[in-house]
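Input: a single structure, listed below in C-alpha cells.
Owing to the predicted nature of the structure, the values given are computational and were not obtained by experimental measurement.
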Amino acid sequence: MLLTTKFLRPTADPRAVARERLLHLLEPGDTRRLNLIVAPAGFGKTTLASQWCSTTTWPTPWLSLDEHDDEPRRFWQYVTGAFSHGGLAGLEGIRKQLARCSTEELEGPVTGLINTLAADGGQWGLVIDDYHLIRDRRIHQQLCYFIDYLPPGVTVTLLSRTEPDLPIARWKVRQWVAEIHPSLLAFSEEECRRFFSDYMAQPLSPEQARKVWEKTEGWVAAMQLSALAGGSDNRPSGAPSSGATLDGRRISDYVLSEVLEQQPPEVRQFLLETAACPRLCARLCDAVRDANDSQRLLERLLRDNLFVVPLDTNGAWFRYHDLFREALLQRAVQLDADRFARGRIRAIEWLLTHENVQEGISQIVDLDDKEWLAQVLELHGNNLIHSGFHLPVLDWLTRLPVEAIQQSPRLMMLRVWALFFANRVELIAPLLTELEDLLDCRVAESHPDAEGALGLHSEISLIRSYLARTRSDDKSASDLTRQVLQDIDHTRIPLNSVTYYSLGLDYYGKGELAAAEDALRSAVQYGQLERKPSTLLSSGGLMAWIQYNRGDIDLALETSTSVRQWVDEHFGDPRQPRLISCWQNSAMTEIYRERNEPELATACLAPLLEHVRNGTEPGQHVIIQHVRGHLAFSQGRYEEALDALRDAESVARRRREHIVFEPPDSGALMARCYLAMANLGQARQWLDTASPERFRNPLNREQSQTSAARVLVALGRPDEAIERLAPLQAAAERDQHNRQLTELLVVHATAKLALGESADAALLIGQALSRAAEAGFLRLFAEEPAAVRELILGLPEIHAPQSWVNRLRAMLAELDESSSSSCITGSTKPMRPEKTGSVANPDATDGEKPRNSALPDSLSQREVEVLGLINEGLANKEIAAAMGVAATTVKAHIRNLYSKLAVGSRTEALARARQLGLL
C-alpha cells in the first residue's frame, strides 16, 4: 500500500513571486535529464518546483519523500507509483517485479521502468522532493543508473537540502544537468521589493528595497545574514525564496566587510582561517587552525546559515558557497598573506594524509608547486591509477618538466601504468627500454635507492608479461609473471594483486580453470589489502566468468556481488570514478541470460554498452560485443546479434596486438545465428573457413568445434559431427568445462536423433540435464532444436518435483511452435525484414509472387535497411550512425547486398533494386 498523498503536488501560492528567469532554466532541453535544486530549508525549492509544474503541459508526477523511504525497494515502489499516479501505463509487471525480487536484483525493474518510458515515447517529468532524506548508497547508485539511461524527453527534478551523492560533474560535461544552488536563488531588485510587499506583507519604499538588494545582491542567505548582523531590519525570518541566476557574480567586498565586521571575533577569525579549505570538516579545520573547537563553530555557521552548504547527511562535511569563499579568500590574503599561505599548506598536508589525495593534488596544481607535485605523485600515483584516476595522473604528469620525469624512475613507471590503463599500449615499449637504461645506470652508480630499482624491475617485468600476451607469446608472459612472484617479497611495491591477476589470465588462457580460480582468489584478497579496486573488480569478474563456465552459477553470482559491494563500500565517494569491470558485468550478463532472466541480463549489459560507445580497450570491446550478441541471440534478435558479433570479430582481428587475452570465438556464435535463420549457405561458408587450431584457449576450441558439429548436423552429416564431438567431451570433462560439456552432450544428442538413434539421444540428454541441474543452466535448452526440446519434455526426470526441473519444464512449455521455430538449429526461416524507409517490404504480397523471391538469396532485414539508407543518399559513416553499428559492419552488409543483387556499385544496386520492385 502506497500513501497517495505523497504524490500530490503542493499548490502554487498565488502570492509568491513568479520566477520567470529561473523557471526558464528548468525547461527541458534536447539533452536535459536532470534538474537539481539544492538549498537549505526555507529557500523556496518546493515553491519553485511547484510553480514550474503548473506551467508545463506534459505529465509531471510528484513524489514527496520521508525518512521511511530510505530503502531501495520502497523508494522504487514509490517512484513507480508516482509515474502510475501521473498516468503512465504498462507498469503492472514492474510492480510485481518490485514485490518479489531481491534488493540486489532491483536493476531489473528499474530497467523495465526505463523501457516503459521509452516505449511510451512522450515527454515526462518527475519531481522528487526532500531527496536529502535518502542516505542509502544503493539508492544513489540505482538512481544514477536510471538517469544514465533515460530516454529522450524525460526529465527528473531533485529537490534537496544537501548535494546528492550522484556524478553531477560527469553529467554536467554531457549537458544533462541544470543546477540551481543558493547562488542562483536570488532576487532582482524588483523581485526583492515584491517579495517583501506581496508575500511578507511588509512593503518597502523603493529606496529601502534598493538598499537591501544592493547589500545582498538579491541573495536570500546574504539578506538573512545581514539581518543577523544588524544590516537590515526588514528581512522576514525564515521566509522562503527563489530567484534568478547571478551568473557567477561575487558578493561585493562592501557586503562581505559588513558581514565580517559584525560577526563575533571568533566567527570572523574562523571564516578567514578556513577559507583555504575546499571542503570543511572539524578535523581539517582543527589542523589548519591548530585548535580543537571547529565542530562547534561549524555547527554555529550552519545554524546561522552563514553560507555553509552541507555535503552529507551526517553533519560531517561542508563547504562554503563558492562565491562567499572567493570573497573570503581575497580578504584573507589582503589581511595576512603569509598566514593564509601557511593555512593552505596545512590544509593540503591534511588532505594528503587523510585519503583526500586527489583533492590535495588539485590544490598543489593551483599553487603551481612542481617539485611538491612530483613528490606526491611518486608517493600516491600508483594507488590513484588503480582507483580509476589514470587520466588525471597523465594530465598531472604533463604539468611536470620533462627532465623531472626523465630523472625519476618512479614517475616514468607511473606514466607507463597510466598509459596502460588508458589503453595507449603502443607508447609503452620505448618507455620501458628508456626506464631500464636509467635503472641500469642507477645500479652501476650505486644509487642509494637500489632496492627501489629492484621493485621497479618487477613492475617492468609485469608490464612486459601483459605486452607478451598481446603478441600471443604465452610462454614469455608466463615466465615473466612467475619471475615477478619470486621477487615480490623483496620489493616494497604492492604488486601481489596485479601479479596474481596476470597469473590467473595465464591459467585461464590454458583452460586450467581450477588453477586460474585459485590465482584470482589471491588477486581478490590482495586487491582488498592493497586497496586496488580496478584490479579487484577485474579479478573477481574473471573468477565469476570461470565459475560460470565451470558450472557453478550461484557461486559466480555470489563472487560478483561480494566484490562489487566491497568496492562500493570502500570507494563510494561521489568524486571517485564509477569503476565498471568488463569481466564482472559480462559474467553477470551471461549468468542472468542463462538463468532466463533477460531484464537483469540487460541491466548488467547496459553500462558496458556505454563503454563501447565511448571507446574502450579492444579486448573489453570484444568481450562486451560477444556477450551482447549472445543475449540478442537468446532473445531471437539474430540480425542484431550478428552485428555485434561481426564487430567483435573485426576488432579481435584488427587489434589483436592490443589484447592481453584470447577473446571468445564470436564466429562460432555467428554460425548459430546463421542456422537459426536457416541460412545454410553462410553456415557452410563459416564451416569451410573455421580453424579451431588457431585457438590456444581450450574453451574457445571447444566452442568452435561444437558450432562446427551443429553445422554438420544441419548439413545432413551427423556422423562427421559425432567424430568431432567425441574427443571434445573427454577433454571438457577432464578440465571441468561443465558449461561447454553440457552443450556438447546436447549437440551429440541432436546428431543421434538425426541418425534415428533415439535411445542413445535420450541417454545423452539425461546426462546433460543432470549436469545442468547441478550447475543451474536453463536457457541453454531453450535454444536447441524442437526435436531436442520434445525429447526433454518426454523424459521421466522432467516431471521430478524439483525447483530447477519445474522452471525448465515451464520455460520449454511456454515455447509454442512459432517461437520455438525461431530458436531451432537448421530448420528455421529467416526473420522477415520489416518495411524500412523507402524500401518496399520484400515479403509483402499483393496477390503476386514477391519480387525478392527472384533473388537466389533473399535480402536480410539489415540489408533491406541499408538499401533504404543508400537510396536516401547516406554515406557509409552516416549509415553506421543511423543504425548504431560500426562502419565495418555496414561495409559487410553492403558487400552481401552487392553479392545478392549481382552488382558492383551503389548506382547498380539501386537500379537493380528498382527493377526487382524493392524500392
Could R283 and D286 be called an ion pair, given the rule that one side-chain N must be under 4.0 Å from one carboxylate O? no
Using the ring of each side chain (for Trp, its six-membered ring), is W545 parallel, tilted or perpendicular to W583, with breaks at 30° and 60°? perpendicular
Please confirm whether the backbone N or O of D647 pairs with a side-chain atom of S650, one donor and one acceptor, at under 3.5 Å? no
I'd like to know if D506 and K510 make a salt bridge, using a cut-off of under 4.0 Å between side-chain N and carboxylate O. no
Determine yes or no for a side-chain-to-main-chain donor-acceptor pair under 3.5 angstrom, with Q703 supplying the side chain and D665 the backbone. yes
With the threshold set at 4.0 Å, does a side-chain nitrogen-carboxylate oxygen contact exist between E434 and R415? no
Would you say D735's side chain and H737's backbone share a donor-acceptor pair under 3.5 angstrom? no
Under 4.0 Å between a side-chain nitrogen and a carboxylate oxygen: does that hold for E590 and R593? yes
With the side chain counted from C-beta on, respond yes when V498 and K532 share a heavy-atom pair under 4.5 Å apart, and no when they do not. yes
Within 6.0 Å of CD in E104, more than 12 heavy atoms from elsewhere: yes
What I want to check is whether the side chains of E530 and S497 have a donor and an acceptor closer together than 3.5 Å. yes
With a cut-off of 6.0 Å (strictly less than), are more than 12 heavy atoms of other residues, nucleotides or ligands near CD of Q375? yes
Set out, in order, the CA-CA distance, both residues' side-chain angles and the distance that settles salt bridge (Lys or Arg N to Asp or Glu O under 4.0 Å) for R319 and E359, then state yes or no. CA-CA 13 Å; R319 69 167 175 84; E359 198 163 7; over 6 Å; no
In plain terms, say whether E107 and R564 are close enough for a salt bridge, that is, a side-chain N and a carboxylate O under 4.0 Å apart. no
May I ask you to decide if K475's main-chain N or O and S478's side chain share a donor-acceptor pair within less than 3.5 Å? no
Between T353 (side chain only) and E349 (backbone N and O only), is there a donor and an acceptor less than 3.5 Å apart? yes
Spell out, as yes or no, whether a donor-acceptor pair under 3.5 Å connects the side chain of E662 to the backbone of R696. yes
Any side-chain donor paired with an acceptor under 3.5 Å for R628 and Q625? yes
Is the shortest heavy-atom distance from the side chain of L414 to the side chain of E378 under 4.5 Å? no
Are more than 12 heavy atoms from other residues, nucleotides or ligands located less than 6.0 Å from atom CZ of F695? yes
Set of residues satisfying side chain to side chain contact (heavy atoms under 4.5 Å, CB included) with respect to Q175, sequence neighbours excluded: T31
Is the backbone N or O of L536 less than 3.5 Å from a side-chain atom of S539, with the two atoms forming a donor-acceptor pair by type? no
Salt bridge check: are R653 and E649 linked by an N-O gap of less than 4.0 Å? no
Counting distance only, does the side-chain N/O of Y501 pair as donor-acceptor with the main-chain N or O of S538 below 3.5 Å? no
Return yes if some donor-acceptor pair links the side-chain N/O of H380 with the main-chain N/O of V376 below 3.5 Å, else return no. no
Between I361 and L384, does the side-chain contact (heavy atoms from CB on, under 4.5 Å) criterion hold? Intermediate values first, please. CA-CA 11 Å; I361 293 178; L384 285 170; 3.6 Å; yes
Under 3.5 Å, is there a donor-acceptor pair between the side chain of R344 and the main chain of A276? no
